[in-house]
2 protein chains.
Amino acid sequence: MATAHLASWSVNLTYSQLPKDVIDAAIRTFYNWAGCAVGGSNHPTTTTAAKALEPFFGQPAASLLGVGKRSVDAQHAALLNGIASHVHDYDDTHLDTIIHPAGPVASALLAVAEWKGGIPGQDFLLALVCGIETECKVGLAVWPEHYDIGWHITSSTGSIGAAVAVSKLLSLSVEQTAHAIGIASTQIIGLREMFGSDTKSFHSRRAAQSGVLAAVLAQQGYTSSGQALEAKRGWANVVGATKEDVQVNLNRWLGLSAKDSQEQDDFGLAGGQSPGRWETLRNSFKPYPCGIVIHPVIDGCCQLHSEFNRLGLSSESIQQVQVTVHPLVMELTGKTAPRDGLEGKFSFYHGGAIGLLYGKATPDEYEDHIVQDPTVVAIRGRIQGTMDPKLRPDEAKIVLTMNDGVVLEKHVEHAVGSLNVPLDDEFLENKFQNQCAKVLANVDTASNACWNIAEVKDVSEIAKALST
Amino acid sequence: MATAHLASWSVNLTYSQLPKDVIDAAIRTFYNWAGCAVGGSNHPTTTTAAKALEPFFGQPAASLLGVGKRSVDAQHAALLNGIASHVHDYDDTHLDTIIHPAGPVASALLAVAEWKGGIPGQDFLLALVCGIETECKVGLAVWPEHYDIGWHITSSTGSIGAAVAVSKLLSLSVEQTAHAIGIASTQIIGLREMFGSDTKSFHSRRAAQSGVLAAVLAQQGYTSSGQALEAKRGWANVVGATKEDVQVNLNRWLGLSAKDSQEQDDFGLAGGQSPGRWETLRNSFKPYPCGIVIHPVIDGCCQLHSEFNRLGLSSESIQQVQVTVHPLVMELTGKTAPRDGLEGKFSFYHGGAIGLLYGKATPDEYEDHIVQDPTVVAIRGRIQGTMDPKLRPDEAKIVLTMNDGVVLEKHVEHAVGSLNVPLDDEFLENKFQNQCAKVLANVDTASNACWNIAEVKDVSEIAKALST
């Protein structure tokens with residue numbers, strides 16, 4: 001029932017049923033993803049994968065974004081653009097599940113859209129919403145136990161999201177879409193054990209590729225189970241870890257139970273007659289390319305940077321920095337002496353130091369040479385971390401003492417980028433420009449093309465703008 | 001430790017360390033796989049997948065076996081030849097885990113060997129053994145809970161086996177092989193819910209492809225976890241379902257624990273100084289293209305066919321057939337009125353009927369038109385099934401009453417194809433010939449090429465013989 005319901009919902013959803021704010025959120029999601037994919041295109045994790053896979057590249061059909069400047073088959077474009085979009089840990093986050101929704105879905109969709117040609121931007125956005133809603137809803141059904149036992153939830157739900165999205169773009173029938181869900185759900189990608197290695201970026205992007213594969217196989221009549229999600233030995237039970245509740249949860253988040261009960265809180269799929277809830281609206285964008293729990297610290301330190309500058313002071317007079325965070329922040333990101341850029345992403349000490357020194361935290365400030373820079377190391381050494389379980393994980397308190405006795409304090413209740421303080425379009429634009437400046441010849445053209453996706457007649461134009 | 005140990009074992013194993021019977025078993029495994037891959041090449045499940053994937057085919061590098069008569073990139077060759085090798089449910093079975101070992105491993109290896117060129121047959125066989133031992137050992141570590149909760153164990157272990165095999169063929173280092181194990185183990189393919197659909201054949205063959213991908217990425221320096229199998233959130237814990245024992249089991253089957261204790265029953269990896277146990281020797285081959293629990297019934301009915309013929313009687317005089325089987329056989333294969341070939345594979349009534357009528361059960365007897373043939377339907381209708389929990393699942397008792405009062409009885413204690421009554425080379429040869437006769441122009445050339453793999457200087461020659 002769940003699988004058929006999801007397939008039917010996706011097939012029947014129309015662009016006119018999307019509320020204005022959902023369309024805006026989808027555009028912002030795509031825009032943020034595009035900048036990340038271009039910005040990560042010259043990262044060694046991306047280029048190593050491209051070199052290894054080159055012998056398998058098929059006929060040119062879809063662009064490798066950014067530095068690639070070449071066209072490959074749509075499956076490899078989905079995989080490689082997807083890896084690029086995640087390598088800086090800078091992509092979008094559905095905070096309720098910590099799924100990064102765009103990676104699997106947008107990577108799959110842009111590659112297929114360019115391959116097929118003539119896909120209007122509105123069809124693309126509609127398919128994007130179908131995919132994002134799918135991953136997040138099935139993710140919610142198994143959250144948090146699924147993540148706790150070790151699945152990388154972005155990729156383990158991502159192949160299903162990508163399959164639904166590509167099925168929508170290819171106008172598959174309800175039955176074909178259900179088979180695509182089945183083919184995708186039997187390819188479960190991503191163990192958390194791989195975090196910290198190249199393979200993390202590979203996860204959700206292999207999911208993108210699996211989603212493409214699922215949809216094109218189903219289109220040709222390749223069969224699967226019609227009950228892939230809900231069956232006794234189907235996806236939710238096998239990876240859900242909560243055997244008793246998982247069916248109830250699945251029905252709840254897909255909106256199946258609400259129909260039988262009088263529940264007012266309908267968390268199910270939205271659109272058409274259903275009140276539901278749009279997960280696309282709950283997607284957030286990272287202001288800084290690192291683990292989200294560090295963001296309040298960086299946020300506060302960037303603000304303090306502006307404040308002591310206004311007072312005519314410089315970072316050289318920093319004497320001591322007292323940073324108080326939730327214990328989880330310390331557990332996940334408590335590295336006091338990171339050795340390279342990747343380790344820097346797991347250090348709130350480094351995040352605080354670059355905020356105080358530069359007033360910003362972009363991929364540039366996570367380059368190895370910055371993490372190893374003596375000035376940065378010195379400031380990191382003046383930061384003292386303290387835990388306080390009364391704080392929330394997305395909260396931080398910072399007390400900055402300068403040499404001349406000036407004391408500045410900052411309490412960040414919610415970091416910028418959270419649902420309470422969403423990134424505005426200007427910040428998104430700056431982030432995009434910063435990521436694309438070193439890669440694309442004409443960043444403004446690319447940026448405008450992405451912002452205007454809802455008016456574009458052929459999405460291929462955008463792919464071209466992102467790869468020249 | 002487990003991951004590093006496995007990688008080190010594989011890298012250090014030499015052909016001269018393989019006992020003669022292990023080499024023979026590996027050749028028989030390859031031979032059986034090759035016949036199945038050719039025989040399944042024109043099955044709709046294979047041709048549908050090929051049609052869907054054609055837009056992604058890369059430069060010609062590896063042959064599509066059998067009717068394909070075309071060369072594609074090695075990843076697609078691994079996937080499509082793998083699908084073909086399983087569509088008739090006719091491939092090999094490691095009975096202790098019901099893994100079908102050759103599918104993922106041989107499909108990956110032959111494609112890569114042809115792509116690389118110049119790979120001697122002995123190197124190929126050594127890599128094949130490394131892959132088979134890997135899948136079966138890690139499968140044993142999580143068996144049977146892993147299968148019970150819903151994983152298709154052939155594919156969920158197959159990507160790891162294929163990764164180790166291809167790593168061996170490409171002469172990767174211990175460290176690279178460990179990374180390949182990691183990249184493969186994070187792609188967990190196969191839910192049992194898909195059994196009965198096209199997607200079952202897709203499973204272990206996507207695993208073959210994932211194994212190829214893992215090895216070529218690791219070769220380029222792509223990193224993963226070095227503790228992919230044993231880590232807290234690594235493969236064995238996440239998919240093992242028996243949280244307490246899984247580490248102990250993993251160590252036991254990889255031969256890590258035996259070193260510390262005085263255990264005489266060493267089930268670990270064999271070769272070199274280790275006594276161990278070769279899982280390759282425990283691989284079995286199906287005489288009939290259907291679920292293994294039906295084999296004793298077919299076996300007995302084929303023998304009865306010969307017996308009543310010897311008595312000058314024909315199948316027209318069959319009055320009644322009493323078939324007694326273990327309850328599991330009834331549960332899994334109790335379809336009394338199968339409607340097509342696929343359903344026929346899940347009916348011991350059909351298996352018994354074709355044994356009595358034709359004295360054989362090859363893919364021909366599972367064609368839709370045979371399953372629907374009135375003569376076959378009539379014989380099926382005269383078979384009465386009874387359960388007896390005192391029988392083993394691989395045992396059957398048959399009482400055949402002919403119209404003229406003759407009663408023939410047959411008690412099959414172990415079916416042909418089991419470890420107790422292994423298929424001899426003549427049966428394997430007949431099976432190969434039968435599968436290839438409609439597909440290849442020169443079956444004998446292909447057959448000889450496969451039997452002589454240990455003497456071949458370049459395995460590409462065999463791939464060519466299997467595709468012309």
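Since the structure is predicted, the reported quantities are computational estimates derived from the model, not experimental observations. Reminder, nothing fancy here: chain letters follow the sequence lines and each chain counts from 1.
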Check: Which region of A/Y222, side chain (C-beta onward) or backbone (N, CA, C, O), has a non-hydrogen atom less than 4.5 Å from a non-hydrogen atom of chain B, or is it both or neither?
Finding: both
Margin query: Minimum heavy-atom separation for A/N237 and A/A231, please, with both atom names.
Written below: ND2-O, 3.1 Å
Notebook entry, point to check: Could you give the distance from NZ (B/K200) to OG1 (A/T186), rounded to the nearest 0.5 Å?
Noted result: 12.0 Å
Checklist line | Contacting moiety of A/H203, where chain B heavy atoms sit under 4.5 Å | finding: side chain
Next item on the list: Fit a plane to each ring of A/H43 and A/H88, take the angle between them on a 0 to 90° scale, and name the class: parallel (under 30°), tilted (30 to 60°) or perpendicular (over 60°).
Entry: perpendicular
Margin query: Using a 4.5 angstrom heavy-atom cutoff, name the option from B/D148, B/I189, B/D73 with the most pairs to chain A.
Written below: B/D73
Next item on the list: Check the angle between the aromatic planes of B/H146 and B/W235 and answer parallel, tilted or perpendicular using the 30° and 60° thresholds.
Entry: tilted
Notebook entry, point to check: When heavy-atom pairs shorter than 4.5 Å are enumerated against chain B, which of A/H76, A/H152, A/Q227 gives the highest number?
Noted result: A/Q227
Notebook entry, point to check: If you count heavy-atom pairs under 4.5 Å with chain A, which of B/G234, B/S210, B/A52 comes out on top?
Noted result: B/A52
Note to self: Quick check on A/I83 against chain B: is it the side chain, the backbone, both or neither that has a heavy atom closer than 4.5 Å?
What the structure shows: side chain
Margin query: Given heavy-atom pairs under 4.5 angstrom as the criterion, report whether the side chain, backbone, both or neither of A/S155 touches chain B.
Written below: neither
Next item on the list: Could you give me the CA-CA distance, side-chain angles and deciding distance for B/S159 and B/Q187, then say whether side chain to side chain donor-acceptor pair (under 3.5 Å) is met?
Entry: CA-CA 7 Å; B/S159 60; B/Q187 304 178 64; over 6 Å; no
Checklist line | Portion of B/F57 that has a non-hydrogen atom of chain A nearer than 4.5 angstrom | finding: backbone
Next item on the list: With a 4.5 Å cut-off on heavy-atom pairs, point out which of B/G226, B/P55, B/G221, B/S156 contacts chain A the most.
Entry: B/P55
Check: Where does A/V212 contact chain B at under 4.5 Å (heavy atoms): side chain, backbone, both or neither?
Finding: side chain
Notebook entry, point to check: So which part of A/W115 gets closer than 4.5 Å to some heavy atom of chain B, the side chain, the backbone, both or neither?
Noted result: side chain
Checklist line | Least distance between heavy atoms, A/V142 atom then A/G240 atom | finding: CG1-CA, 3.8 Å
Checklist line | Residue among B/S63, B/S71, B/S460 satisfying side chain to side chain donor-acceptor pair (under 3.5 Å) with B/E114 | finding: B/S63
Checklist line | Approximate separation, where rounding is to 0.5 Å, of B/L217 CG and A/K51 NZ | finding: 12.5 Å
